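In what follows, chains are A, B, ... by sequence order, proteins preceding strands, each numbered from 1. Everything quoted here is computed from the prediction, not taken from an experiment.
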2 protein chains.
Amino acid sequence: MNIGDTNKDRTPTLADVARFAGVSTATVSRCLNSPDRVIEETRNKVLKAVRELGYAPNFNARALAAKRTNTIGAIIPTMENAIFARGLQAFQEELGRNGTTLLVASSSYQTDLEEEQIRTLVSRGADGLLLIGYRRDPKVYEFLHRQGVPVVAAWVFDPDADVPTVGFDNFLAMKMLAEKVISLGHRRIATITAATQGNDRASERLRGILAAMTEAGIPENDLSIIETTYGIDEGGVALEKLMTQQIRPSVVMCGNDVLAVGAIAKAKELGLNVPADLSVTGFDDIEIAKISSPPLTTVHVPHRRMGKEAARALLNMVGTTGGRTKILLETTLQIRESLAQHTD
Amino acid sequence: MNIGDTNKDRTPTLADVARFAGVSTATVSRCLNSPDRVIEETRNKVLKAVRELGYAPNFNARALAAKRTNTIGAIIPTMENAIFARGLQAFQEELGRNGTTLLVASSSYQTDLEEEQIRTLVSRGADGLLLIGYRRDPKVYEFLHRQGVPVVAAWVFDPDADVPTVGFDNFLAMKMLAEKVISLGHRRIATITAATQGNDRASERLRGILAAMTEAGIPENDLSIIETTYGIDEGGVALEKLMTQQIRPSVVMCGNDVLAVGAIAKAKELGLNVPADLSVTGFDDIEIAKISSPPLTTVHVPHRRMGKEAARALLNMVGTTGGRTKILLETTLQIRESLAQHTD
DNA sequence: TTGTATGCGTTATCAG
DNA sequence: CTGATAACGCATACAA
């Protein structure tokens with residue numbers, strides 16, 4: 001192989017481009033990263049070479065040298081349903097507008113898996129991380145801190161948390177819904193929730209129901225609680241269990257819309273009329289809530305705004321520009337047919 | 001700073017571990033990558049150092065040196081709904097079992113965005129790529145070939161394609177459903193589909209309907225076609241448009257379950273009884289198909305098997321082990337209430 | 001079995 | 001404005 005040959009059987013590198021354009025590798029690099037720091041003539045020469053050779057920069061080499069990836073990682077509990085889809089979409093869009101790429105991983109609601117994913121994303125050089133929920137082993141935050149990786153916790157709000165939170169008050173949101181439920185005359189309340197262990201969104205929501213009951217003078221023990229994994233089928237199974245108990249609830253408050261829709265489907269299957277025989281509520285207000293029959297009464301969460309604000313917060317943290325990093329969003333009750341008055 | 005100091009204010013590197021354990025960096029590297037190539041005593045020493053220092057390997061550096069990332073990328077059209085969720089989940093699980101990580105990106109059904117994502121994933125060093133559908137600019141495949149990155153196209157099957165396909169016959173699947181529809185007496189057929197331009201799954205499915213009509217002696221022109229983006233609301237809008245036409249269809253065959261569910265919801269809103277006044281069919285058989293009311297007649301796609309087989313094919317291609325890379329899966333009709341007999 | 005030395009493709013520092 | 005050249009953190013061929 002003669003000197004000056006541009007390697008033909010290997011994917012082209014910066015050096016190949018430099019040789020082809022007759023400049024140094026430094027110049028090529030500059031052309032790509034700060035085009036204004038190079039005179040137009042050479043720039044054109046270089047860009048032509050880039051096109052000619054079909055050069056694509058090696059991300060890993062770049063990350064290694066620059067210690068920056070323009071990449072932000074997000075770990076969400078599940079991709080199986082649409083709960084996080086909308087928020088994540090907005091998150092990604094906002095990152096994209098700022099030239100940052102999103103890396104997603106899902107933890108299947110498993111703490112250990114999440115920790116593994118965190119390590120993976122960090123070792124891949126993520127400039128920052130989006131996590132869902134705040135409560136987790138302090139070691140995790142210590143690790144992230146040591147590695148100098150900024151984090152934002154979303155889907156929750158806690159001004160006292162060690163890391164910025166962008167989200168809403170799960171406790172208050174569910175409490176408001178429970179108050180509405182109670183005001184409609186319901187006393188025999190049941191709930192289908194995700195495992196509350198290690199899931200602050202779920203446990204806060206449960207706390208919300210209990211608080212509303214207490215304030216209304218209903219004994220906390222009257223609440224039937226079923227913990228299950230999120231899923232349409234799981235919601236159905238849970239509902240069946242509830243309806244075979246001694247005291248059948250007049251309303252089932254579900255931890256999210258997916259469970260609620262599953263519960264409604266099963267209720268109908270059991271010959272129950274929703275909401276005449278049984279009211280059902282959800283949480284999230286994702287698309288299926290609207291098309292459910294009957295349409296689902298639920299808590300509307302501003303998913304898109306949350307995603308966008310979380311991205312902004314994170315971009316602020318990885319960059320130098322300061323900005324708000326603790327953001328509380330409002331939820332609203334979305335009253336639809338699945339919840340009705342109760343009279344004994 | 002004294003010689004021998006392990007750097008305290010920086011994330012530890014291989015060299016730090018080596019120094020701490022009193023061995024060479026090569027040994028540490030071996031300990032982590034091929035533990036059996038190092039004697040137990042030193043291995044323990046090294047692992048202890050790793051733990052002590054909280055060392056986490058730098059992925060980018062590793063990729064750069066090893067020219068391998070144990071990472072496979074997947075670009076799916078959307079994460080907004082569950083169409084690809086189940087398949088991707090299985091894909092990821094199978095990769096995980098083989099120590100390979102999945103990197104997901106979504107293209108929002110946009111060709112240019114997809115090409116960008118492909119470049120991104122390749123430049124990140126993905127060892128292989130999963131793409132949805134086969135038909136795309138040949139330049140894309142040329143690029144991938146030049147870069148030496150193996151590809152598998154899923155959700156389609158074409159034994160003659162330049163790249164391995166793992167999927168099902170979209171044409172035949174939809175044709176079978178259309179035949180069933182026609183056998184029930186329907187003649188005024190309409191379809192709500194994704195844009196067929198650059199989407200082989202959608203265009204094949206459309207072709208399937210047309211073929212069945214032709215074989216049944218129904219003029220192709222009788223088919224009302226509405227192209228829209230996938231989404232529940234979009235399905236509703238399309239349905240409304242169809243029902244305000246001169247000749248109202250007796251059945252609406254939708255390109256996927258999401259559109260179908262949206263169509264059903266809108267139909268009910270318009271005071272139509274499904275299926276008495278109007279039949280609706282879907283495609284995919286995702287969870288909402290079951291809980292829809294009425295339950296949705298649709299084409300069942302073996303999503304999980306497809307994901308798993310796609311992973312296997314890809315693993316075979318990046319590794320040396322040979323194996324099947326072209327896999328045809330069967331779809332089945334899933335008849336539920338939303339499709340009924342039609343009599344004029 | 002372990003160590004030495006080199007290279008992977010880029011960026012960044014520092015001269016020129 | 002451009003060019004050498006030294007990192008960046010790790011894997012591996014080769015030597016010991």
* Asked: Between A:Thr165 and A:Asp158, does any side-chain donor sit less than 3.5 Å from a side-chain acceptor?
  -> no
* How about A:Asn60 and A:Arg62: does a side-chain donor come under 3.5 Å of a side-chain acceptor? -> no
* Exam field: side chain A:Thr11 to backbone B:Gln147, donor-acceptor pair closer than 3.5 Å -> no
Shorter than 3.5 Å, N or O on both sides, protein versus nucleotides 1-4 of chain C: list them out with atom names.
{"from": "C:dT2", "atom 1": "OP1", "to": "B:Thr42", "atom 2": "OG1", "distance (Å)": "2.7"}
{"from": "C:dT2", "atom 1": "OP2", "to": "B:Ile39", "atom 2": "N", "distance (Å)": "2.9"}
{"from": "C:dT2", "atom 1": "OP2", "to": "B:Thr42", "atom 2": "OG1", "distance (Å)": "3.2"}
{"from": "C:dG3", "atom 1": "OP2", "to": "B:Ser24", "atom 2": "N", "distance (Å)": "3.1"}
{"from": "C:dG3", "atom 1": "OP2", "to": "B:Ser24", "atom 2": "OG", "distance (Å)": "3.2"}
{"from": "C:dG3", "atom 1": "OP2", "to": "B:Thr27", "atom 2": "OG1", "distance (Å)": "2.4"}
{"from": "C:dG3", "atom 1": "N7", "to": "B:Arg30", "atom 2": "NH2", "distance (Å)": "2.7"}
{"from": "C:dG3", "atom 1": "O6", "to": "B:Arg30", "atom 2": "NH1", "distance (Å)": "3.2"}

* Base, sugar-phosphate alone, or nothing: which one does B:Asn33 contact when heavy atoms must sit under 4.0 Å apart? -> sugar-phosphate
* Asked: How close or far is atom C1' of D:dG9 from atom CG of B:Asn60, stated in whole angstroms?
  -> 10 Å
* Structure fact -> From CZ of B:Arg124 across to P of C:dT10 the rounded distance in Å is 15 Å
* Residue B:Leu14, side-chain heavy atoms: nucleotide from C:dT10, D:dC10, C:dG9 that is nearest -> D:dC10
* Asked: Can you tell me how far C1' of D:dT12 sits from CZ of B:Arg62, to the nearest Å?
  -> 13 Å
* Looking only at side-chain N and O atoms, does A:Lys67 come under 4.0 Å of OP1 or OP2 in C:dA12? -> no
* NA contact type, A:Phe59, heavy-atom cut-off 4.0 Å: base, sugar-phosphate, or nothing? -> nothing
* A:Arg119 with A:Glu115: basic N within carboxylate O range, under 4.0 Å -> no
* Asked: So what does B:Ser29 touch, heavy atoms closer than 4.0 Å: a base, only the sugar-phosphate, or nothing?
  -> base
* Structure fact -> Atom OH of A:Tyr55 and atom P of C:dG9 are separated, to the nearest Å, by 10 Å
* Among side-chain atoms of B:Arg124 and A:Thr71, is any donor-acceptor pair under 3.5 angstrom? -> yes
* d(CG, A:Leu32; P, C:dG9) in whole Å -> 16 Å
* To do: Grab the CG-P distance between B:Asn58 and D:dA7 for me, whole Å please.
  => 18 Å
* Short side-chain donor-acceptor distance under 3.5 Å, B:Glu114 and B:Gln110 -> no
* Structure fact -> So CD1 of B:Ile75 and CZ of B:Phe84: to nearest 0.5 Å the spacing works out to 12.5 Å
* Asked: Between C:dA12, D:dC8, D:dG9, which nucleotide has the shortest distance from any of its atoms to the side chain of A:Ala65?
  -> D:dC8
* Asked: To the nearest Å, how far apart are A:Leu64 CG and C:dG7 C1'?
  -> 12 Å
